[in-house]
Amino acid sequence: MARFQLGIRTLDYISPTTLDDAFDRLSARNVDIIAGGTDFYPTRPQGPLNSDLLDVTRIAGLRGITQTRNGWRIGATTRWSEVFRADLPAAFAGLQSAAREVGSLQIQNAGTIAGNLCNASPAADGVPPLLTLDAQVEIGSTRGIRMVALSDFIMGVRKTDLHSDELVTAIVLPEPPAHAHSAFEKLGSRRYLVISITMTATVIGLDTDGRIDHARVAVGACSPVAQRLTALECDLLGKTLDQVEITEAHLASLSPIDDVRGSGDYRLDAVAEQCLRAIKQAGGGNG
C-alpha cells in the first residue's frame, strides 16, 4: 500500500493481490476501484480525490479468458487488446470488433472489460455485443458471489447495480450456438478515437434452409442504457436474409437524444441502416 499526502488529507493507494483482501478493504473503508483508469481519471472533477484508491489489477484470477463447461468466462481486469487477440467462437466476432474500437491502442492495452461496464456510459462500445451474447456479470464481496444479467446491471447513465462493498469479478457468457456468427457496426464523426453516435451488434444463426433461427440485436448510444431490440429479434426468426426489413416499430423502444454528435432523428435513421447491415453481415458468415 502506498500513501500520498494531498494537502491536509492522506490518500491511500491500495493494490491487493487476493480477492479476499480486496473485499475486506471494500467493506472497511470508502474506496474507489480502479483498473486501467482510462475512464476513472478523465471523469474526476477538478480538485483532490476524496477517497482512497483500490487498484484491482494485481489480483490473481481477475484477468484472462477461459472456456468453462457451460460457456466462457472473461476476467474483470482483462484488457480489450486481450479480447480482440483471443481465439474465440465466431459468435464473439462482434465483441472482438468492438474491442478494436475502444479508444486508441494505448487505451485498449490498459482499459478493462469490467471498467467499460462499470463506467455505464450509454456509448460504451462493449455493452451491445455483450448483450447479444446474453452476458451475466459476476459480482463479489465479503457476503459472497452473485450473478446479474448485464441488461439489469447497468441501470442508467453512470448507474449500476453495484454496492459500495462489491466489485465485478468476471463476465460470464453461455456457449453460443455453434452455427451463429456476429457483427458490430459503429458510427462516429471520424474513424478512430471517437464517441459513438450509434452502434449496433448482432448475433445471427441460419438453419440449413438459410432461415434465421437465432437472432440477437442490440443498440447503443440511442437510449440511456444500451438495449436488445427484442421485437426485431422475434420478427427475424424464420426469415431469409433478403427478407429482412427494419421498421419504426422495431426501433420503438429507443429514445435517442439531440446533441452535438447528431440529432435523435438522424440516430434513428442511422441505426436502422446499421441493424440491416449488421444482420446481413453476421448472417453472411453462416454460409
Side-chain angles (χ1 to χ4, degrees), residues 39 80 84 91-104 107-108 116-117 119-133 135 150-151 154 156-158 180-204 212 214-237 239-285:
D39 286 319
W80 285 108
F84 69 68
F92 286 65
L95 176 63
Q96 293 181 297
S97 293
R100 292 183 174 90
E101 300 281 354
V102 180
S104 64
I107 295 296
Q108 294 161 16
N116 193 247
L117 305 187
N119 190 46
S121 165
D125 292 323
V127 178
L130 286 170
L131 286 173
T132 64
L133 293 167
L150 176 57
S151 55
I154 301 177
V157 179
R158 313 293 184 185
H181 291 246
S182 64
F184 177 76
E185 291 277 332
K186 175 175 177 174
L187 174 64
S189 57
R190 57 181 185 268
R191 182 65 183 87
Y192 297 105
L193 301 175
V194 63
I195 298 174
S196 296
I197 298 173
T198 62
M199 55 183 159
T200 300
T202 60
V203 177
I204 300 294
I212 297 172
H214 180 85
R216 299 287 188 271
V217 182
V219 170
C222 285
S223 51
V225 178
Q227 59 180 275
R228 292 251 306 268
L229 300 184
T230 54
L232 174 57
E233 292 173 356
C234 291
D235 197 36
L236 288 173
L237 297 177
K239 290 185 175 179
T240 61
L241 293 178
D242 58 6
Q243 292 174 328
V244 173
E245 294 182 351
I246 310 300
T247 69
E248 290 185 9
H250 293 146
L251 309 179
S253 63
L254 301 178
S255 54
I257 63 171
D258 299 331
D259 64 12
V260 295
R261 295 191 299 277
S263 69
D265 288 341
Y266 173 69
R267 282 183 160 93
L268 284 177
D269 288 342
V271 86
E273 178 62 25
Q274 278 187 336
C275 286
L276 188 61
R277 290 184 185 182
I279 290 166
K280 292 190 174 183
Q281 181 183 342

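Among all heavy-atom pairs drawn from Asn116 and Gly126, the shortest one is OD1-N, 3.1 Å. Shortest non-hydrogen contact noted between Thr202 and Ala278 is OG1-O, 2.9 Å. Closest approach of Gly264 and Pro256 over heavy atoms only: O-CG, 3.5 Å. Taking each heavy atom of Ile279 and Leu232 in turn, the nearest pair found is CD1-CD2, 4.2 Å. Taking both residues in full, the closest heavy atoms of Ser263 and Tyr266 are given as OG-N, 3.1 Å, listed atom of the first, atom of the second, then distance. In terms of heavy atoms, Phe184 sits closest to Ala201 at CD1-CB, 4.1 Å.
A donor-acceptor contact shorter than 3.5 Å is absent between the side chain of Arg216 and the backbone of Glu233. Judged by distance alone, the side chain of Gln108 and the main-chain N or O of Gly103 form a donor-acceptor pair under 3.5 Å. Between the Ser182 side chain and the Ala282 main chain, no donor and acceptor come within less than 3.5 Å of each other.
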Subject >> CA sep, side-chain torsions, deciding dist, call: Cys275, His250, side-chain contact (heavy atoms from CB on, under 4.5 Å) >> reply: CA-CA 10 Å; Cys275 286; His250 293 146; over 6 Å; no

Subject >> Audit row: Arg261, Arg267, side-chain contact (heavy atoms from CB on, under 4.5 Å) steps and yes/no >> reply: CA-CA 9 Å; Arg261 295 191 299 277; Arg267 282 183 160 93; 3.8 Å; yes

**OP:** Apply the test salt bridge (charged side-chain N to carboxylate O under 4.0 Å, His left out) to residues Arg158 and Asp39: give CA-CA distance (whole Å), side-chain angles for both, the deciding distance (0.1 Å), then the verdict.
**Re:** CA-CA 11 Å; Arg158 313 293 184 185; Asp39 286 319; 5.8 Å; no

**OP:** Apply side-chain contact (heavy atoms from CB on, under 4.5 Å) to Leu254 and Leu229, showing your working.
**Re:** CA-CA 9 Å; Leu254 301 178; Leu229 300 184; 4.0 Å; yes

Subject >> From CA spacing to verdict: side-chain contact (heavy atoms from CB on, under 4.5 Å), Trp80, Asp125 >> reply: CA-CA 11 Å; Trp80 285 108; Asp125 292 323; over 6 Å; no

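Side-chain contact between Gln227 and Ser253: present, with at least one pair of heavy atoms (C-beta onward) separated by less than 4.5 Å.
Of the options Ser196, Pro128, Ser97, a side chain to side chain contact (heavy atoms under 4.5 Å, CB included) to Lys186 is made by Ser196 and by none of the others. Each of Val127, Leu131, Leu251, Thr200 was scored for a side chain to side chain contact (heavy atoms under 4.5 Å, CB included) with Val219, with one residue passing: Thr200. The one candidate from Thr240, Asp235, Leu241 that meets the side chain to side chain contact (heavy atoms under 4.5 Å, CB included) condition with Ile212 is Leu241.
A 6.0 Å sphere centred on CD of Gln243 holds more than 12 heavy atoms belonging to other residues, nucleotides or ligands. Environment of CZ in Arg277: sparse, with no more than 12 heavy atoms of neighbouring residues, nucleotides or ligands closer than 6.0 Å.
Interatomic distance, CD of Glu273 versus CG of Leu268, reported as 14.0 Å (0.5 Å rounding). Here the CD1 atom belonging to Ile197 is positioned 10.0 Å from the SG atom belonging to Cys222, to the nearest 0.5 angstrom. Rounding to the nearest 0.5 Å gives a distance of 5.5 Å between CD of Glu185 and CD of Gln281.
For Glu245, there are no salt bridge (charged side-chain N to carboxylate O under 4.0 Å, His left out) partners two or more places apart in sequence or in a different chain. Take Thr132 and apply the side-chain hydrogen bond (donor to acceptor under 3.5 Å, both in side chains) test, not counting sequence neighbours, and it matches no residue.
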